[in-house]
S.K.: 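I am attaching a structure below and will ask some questions about it afterwards.
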Amino acid sequence: MTFFPLKNILSEWLKKKNFDRFLTETQVVSVVKFYLKNIKKISSNDIEDISYRNGILVIKCNRVILASELYFTQEELKNFLAKELPEIKIKRIIFRS
């Protein structure tokens with residue numbers, strides 16, 4: 001009997017089912033949450049939602065002032081994402097309140 005690592009089997013199955021896009025979106029959202037919480041010291045209560053799809057990152061804030069502050073640091077966020085996830089290309093970041 002031949003044994004195959006479960007990691008490889010799951011990876012191949014996810015690729016066949018086109019879950020790569022979902023995993024990528026989850027990775028981006030996780031890195032952005034880390035950035036906002038640990039580097040910018042922003043409470044999770046101040047961020048309502050974070051989503052990523054087709055190169056567009058949307059961050060929905062509870063306060064207009066916070067959205068404005070983050071808008072001016074978007075290049076820093078893009079650089080952080082490029083360093084942490086080099087395979088991800090962020091075309092645009094949208095801040096909503």
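All heavy atoms count here, side chains included; hydrogens, waters and symmetry mates do not.
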S.K.: Would you check if the side chain of Lys40 reaches a backbone N or O of Lys37 as a donor-acceptor pair within less than 3.5 Å?
M.R.: no
S.K.: Quick check: do Leu77 and Leu70 have side-chain heavy atoms less than 4.5 Å from each other?
M.R.: no
S.K.: State, yes or no, whether a side-chain contact exists between Val28 and Ile50 at a heavy-atom distance under 4.5 Å.
M.R.: no
S.K.: Following the transitive rule for hydrophobic clusters with a side-chain heavy-atom cut-off under 4.5 Å over Ile, Leu, Val, Met, Phe, Trp and Tyr, establish whether Ile88 and Ile56 coincide in one cluster.
M.R.: no
S.K.: For the CG atom of Leu66 and the CG atom of Leu36, what is their distance to the nearest 0.5 Å?
M.R.: 8.0 Å
S.K.: Where do Lys91 and Lys78 come nearest, in terms of heavy atoms and distance?
M.R.: O-NZ, 3.9 Å
S.K.: To the nearest 0.5 Å, tell me how far Asn45 CG sits from Arg63 CZ.
M.R.: 10.5 Å
S.K.: What's the shortest heavy-atom distance between Ile47 and Cys61, and which atoms?
M.R.: CD1-SG, 4.0 Å
S.K.: Listed by chain and number, what are the side chain to side chain donor-acceptor pair (under 3.5 Å) partners of Tyr52, not counting sequence neighbours?
M.R.: none
S.K.: Could you see if Phe72 belongs to whatever hydrophobic cluster contains Ile59? Use Ile, Leu, Val, Met, Phe, Trp, Tyr and a side-chain cutoff under 4.5 Å.
M.R.: yes
S.K.: Check step by step if side chain to side chain contact (heavy atoms under 4.5 Å, CB included) holds for Val58 and Asp49.
M.R.: CA-CA 8 Å; Val58 179; Asp49 189 35; over 6 Å; no
S.K.: Which pairs with one or both residues in residues 29-50 pass ring-ring contact (aromatic ring centres under 6.0 Å, His included), sequence neighbours excluded?
M.R.: Tyr35-Phe80
S.K.: Consider only side-chain heavy atoms of I, L, V, M, F, W and Y, link residues closer than 4.5 Å, and tell whether Tyr71 and Leu81 are in one cluster.
M.R.: yes
S.K.: Atom CD of Glu87 and atom OG1 of Thr24: how far apart are they, to the nearest 0.5 Å?
M.R.: 7.0 Å
S.K.: Could you tell me which non-hydrogen atom of Ser97 sits nearest to which non-hydrogen atom of Val64, and how far apart they are?
M.R.: OG-CG2, 3.3 Å
S.K.: Out of curiosity, Asp46 CG to Lys60 NZ, how far, rounded to the nearest 0.5 Å?
M.R.: 14.5 Å
S.K.: Looking only at non-hydrogen atoms, find the nearest pair between Val31 and Glu84 and report the distance.
M.R.: CG1-CB, 4.0 Å
S.K.: Rounded at 0.5 Å granularity, tell me how far CD1 in Ile90 sits from CG in Leu85.
M.R.: 8.5 Å
S.K.: Return the CD to CG distance between Gln74 and Asn79, rounded to the nearest 0.5 Å.
M.R.: 11.0 Å
